[in-house]
J.: 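Input: one structure, supplied below.
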2 protein chains.
Amino acid sequence: MEQIDEIDLRLLNILHDNSKYTVKELAKMVNLSASPVFERIKRLENNGYIKKYIALLDPEKLNRGFIVFCNIKLKQHDRNIGNQFVSDIMKIEEIVECYNISGDYDFLMKVSVKDMKHYQDFVFNKLGSVESIGSTQSTFVMSEIKNLYG
Amino acid sequence: MEQIDEIDLRLLNILHDNSKYTVKELAKMVNLSASPVFERIKRLENNGYIKKYIALLDPEKLNRGFIVFCNIKLKQHDRNIGNQFVSDIMKIEEIVECYNISGDYDFLMKVSVKDMKHYQDFVFNKLGSVESIGSTQSTFVMSEIKNLYG
DNA sequence: TTTTAAATCAGAATAAAATTCTTCAAATAT
DNA sequence: ATATTTGAAGAATTTTATTCTGATTTAAAA
C-alpha cells in the first residue's frame, strides 16, 4: 500500500479548497522546491487520492439556487424496480445527488432548481413519470450553513 | 446584467466536470480559437459564474468513506442558541455540509467518517459537546447512486 | 440600403507555468 | 563502513496561458 505523509496531506487539503495554485506557490507553502511538489501531486493523482479537478459554479447565477432534499420510497423492493429507478434518476438533471439509505425511505435525493415553481414542475413532470416511485417526501432548504464543496 | 450565451454554457458544463482541459482543447470542443475561449472563461470567472476550482479527493483513501445524514433539533429556537450551534458545527471537520431546513427538524447535516465506530465517536464526543442540540436522528448511506460533485 | 460603432474572432507574439532531467545529499540496508 | 535507495534542488526544456494586433461580423443608426 502506497504511503502518504504529512506534506502530502497538506497539499491535498490545500488543493481541495483551491486547485489553481501554481506548483511554485504550493512549494512555498510546504517549504519545498517545485519539482518534488510536482512529483508528489502526480503521485497523489496516479494513486487515486485526487480523483479529478472541477470548477464550482454559482447555482444562483445559473437559476439553480433553490435546494430540496427529497425522500423516496419505491413501489416494490425487487432488483428490476431498483435498477429502473437508478437508470431513470440518472437522466434527470435537477437531481444532483442520490443515495440509497437506511430508515423509512429508500433513497435520499438532493434536488437543485430555480424556485418553488420549478420544483413543482420537477415533481409533477419529472418524478411523476418515474414509474418505480411509490411515495415522496420533500424537505426544503431555507439556508446553506456549511458546504465544503460550495 | 451580464449576458451568457450557448457557448458559455457549454464551457461551464465542461469545466464543472473537468477543469483540467487546456484552453486549446476547450477551443476545439466549442469550435473557436484559443483567445476567445480564454476571454470567455475569464469573464465567467470575473462575473461570478465560476466561483472557484477545486480538487476532488477520494473519501475512501482518506478514511472518510462512511456517510451519514444527521437531522438535528435545537433545544430552543432563539437567535443565541442558533448562532452558537452554527459556530460550533463550523469547527467540526466530520460535518461536510449543513442546511437549515423545513419540517420536523431544524438542520440537516452530511457527515463523513471512516466507519460506524468513528461515527459513534463523532456523536458522543463531537455532537455530545454541542450544548445547543436537543435531539438527533441518523440516516445511514448504504451506497452513493449519483453525485455530480463526486 | 449604407454607414458607423461595438463585439468577437483568428493568429502571431510573449510571458508564465508545467514538466523533465541531472546532480547531490540524506537515510537505510548490507 | 560501504552500497543502495529515496527524495530534494536547480537548471533546461516543453507546454500552456496570456496578451496583442488586425480582420470580420453583427447590430444599430442614418
Side-chain angles (χ1 to χ4, degrees), chain A residues 1-65 93 114 148-150, chain B residues 1-64 93 114 147-150:
Chain A
M1 193 58 177
E2 326 88 25
Q3 276 307 322
I4 180 177
D5 67 10
E6 190 56 42
I7 292 178
D8 290 328
L9 208 50
R10 283 169 63 196
L11 289 173
L12 288 174
N13 285 329
I14 293 168
L15 291 173
H16 182 50
D17 182 61
N18 179 359
S19 62
K20 276 298 178 185
Y21 288 117
T22 64
V23 298
K24 198 176 178 181
E25 290 172 323
L26 292 169
K28 194 154 203 173
M29 294 184 208
V30 300
N31 285 99
L32 284 176
S33 66
S35 34
V37 169
F38 174 80
E39 283 160 8
R40 278 167 180 269
I41 292 172
K42 282 303 158 206
R43 177 168 47 76
L44 291 169
E45 289 169 4
N46 293 333
N47 291 349
Y49 286 90
I50 296 172
K51 291 204 292 182
K52 52 159 37 175
Y53 297 89
I54 68 170
L56 289 184
L57 312 181
D58 185 337
E60 289 290 347
K61 294 246 179 195
L62 298 166
N63 295 323
R64 286 294 163 79
E93 61 178 0
K114 174 174 168 50
L148 297 186
Y149 296 93
Chain B
M1 193 59 178
E2 326 89 24
Q3 276 306 325
I4 179 176
D5 67 10
E6 191 57 41
I7 293 178
D8 290 329
L9 208 48
R10 283 171 62 197
L11 289 172
L12 288 175
N13 285 329
I14 293 168
L15 291 172
H16 182 50
D17 182 62
N18 179 359
S19 62
K20 277 298 179 185
Y21 288 118
T22 64
V23 297
K24 199 176 179 182
E25 291 171 325
L26 292 168
K28 191 153 204 174
M29 294 184 210
V30 300
N31 285 97
L32 284 177
S33 66
S35 36
V37 170
F38 175 80
E39 283 159 10
R40 280 167 181 269
I41 293 171
K42 283 302 158 205
R43 177 169 46 75
L44 291 169
E45 289 170 3
N46 293 334
N47 291 350
Y49 288 89
I50 296 173
K51 292 204 293 179
K52 51 159 42 175
Y53 297 89
I54 68 169
L56 288 184
L57 312 181
D58 185 337
E60 289 289 349
K61 294 248 180 195
L62 298 166
N63 295 322
R64 283 290 204 283
E93 62 177 359
K114 173 175 169 47
N147 190 349
L148 297 186
Y149 295 93

J.: May I ask you to say what B:Thr22 touches in the nucleic acid, namely base, sugar-phosphate or nothing, with a heavy-atom cut-off under 4.0 Å?
T.: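 Sugar-phosphate: the residue B:Thr22, judged by heavy atoms under 4.0 Å, touches backbone atoms but no base.
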J.: Write down the distance between CZ (B:Phe38) and P (C:dT14), rounded to a whole number of angstrom.
T.: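 My rounded result for the distance is 17 Å.
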J.: Testing B:Val37, B:Ile14, B:Leu11 one by one against B:Tyr21 for a side-chain contact (heavy atoms from CB on, under 4.5 Å), which residue passes?
T.: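 So, applying the side-chain contact (heavy atoms from CB on, under 4.5 Å) to B:Tyr21 and each of B:Val37, B:Ile14, B:Leu11, only B:Ile14 qualifies.
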J.: Locate the shortest heavy-atom distance separating B:Ile7 from B:Arg40; write the atom from each residue and the value.
T.: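 Closest pair (atom of B:Ile7, atom of B:Arg40, distance): CB-NH1, 3.5 Å.
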J.: Using a heavy-atom cut-off of 4.0 Å to chain A, what are the terminal contacting nucleotides of DNA chain D, in 5' to 3' order?
T.: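 So the contact region on DNA chain D extends D:dA8 to D:dG10.
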J.: Could B:Glu45 and B:Lys42 be called an ion pair, given the rule that one side-chain N must be under 4.0 Å from one carboxylate O?
T.: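 Yes, this pair counts.
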J.: Taking the six-membered ring for Trp, are A:Tyr149 and A:His16 parallel (under 30°), tilted (30 to 60°) or perpendicular (over 60°)?
T.: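 If you compare the ring of A:Tyr149 with that of A:His16, the planes turn out perpendicular.
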J.: Considering heavy-atom distances to DNA chain C, does A:Ser35 or B:Leu32 have its closest nucleotide positioned more toward the 5' end?
T.: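 The residue whose closest nucleotide sits nearer the 5' end is B:Leu32.
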J.: In terms of the nearest nucleotide of DNA chain C, which residue is placed more toward the 5' end: A:Lys20 or B:Ser33?
T.: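 Per heavy-atom nearest nucleotide, the more 5' residue is B:Ser33.
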J.: Rounded to whole angstroms, how far apart are CD on A:Glu39 and C1' on C:dT19?
T.: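 Those two atoms, CD and C1', are 10 Å apart.
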J.: Mind calculating the distance between CG (B:Asp5) and P (C:dT8) to the nearest angstrom?
T.: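 Checked: the CG to P distance equals 8 Å.
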J.: Whole angstroms only, please: what is the CZ-C1' distance between A:Arg40 and C:dA18?
T.: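 It is 18 Å, rounded to the nearest whole Å.
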J.: Side-chain contact test, heavy atoms from C-beta onward, threshold under 4.5 Å: evaluate it for B:Ile54 versus A:Leu15 and give yes or no.
T.: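 A side-chain contact under 4.5 Å is absent here.
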J.: If you measure from the Lys or Arg side-chain nitrogens to the Asp or Glu carboxylate oxygens, is any gap between A:Lys51 and B:Asp58 under 4.0 Å?
T.: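 Result for this pair is no, no salt bridge flagged.
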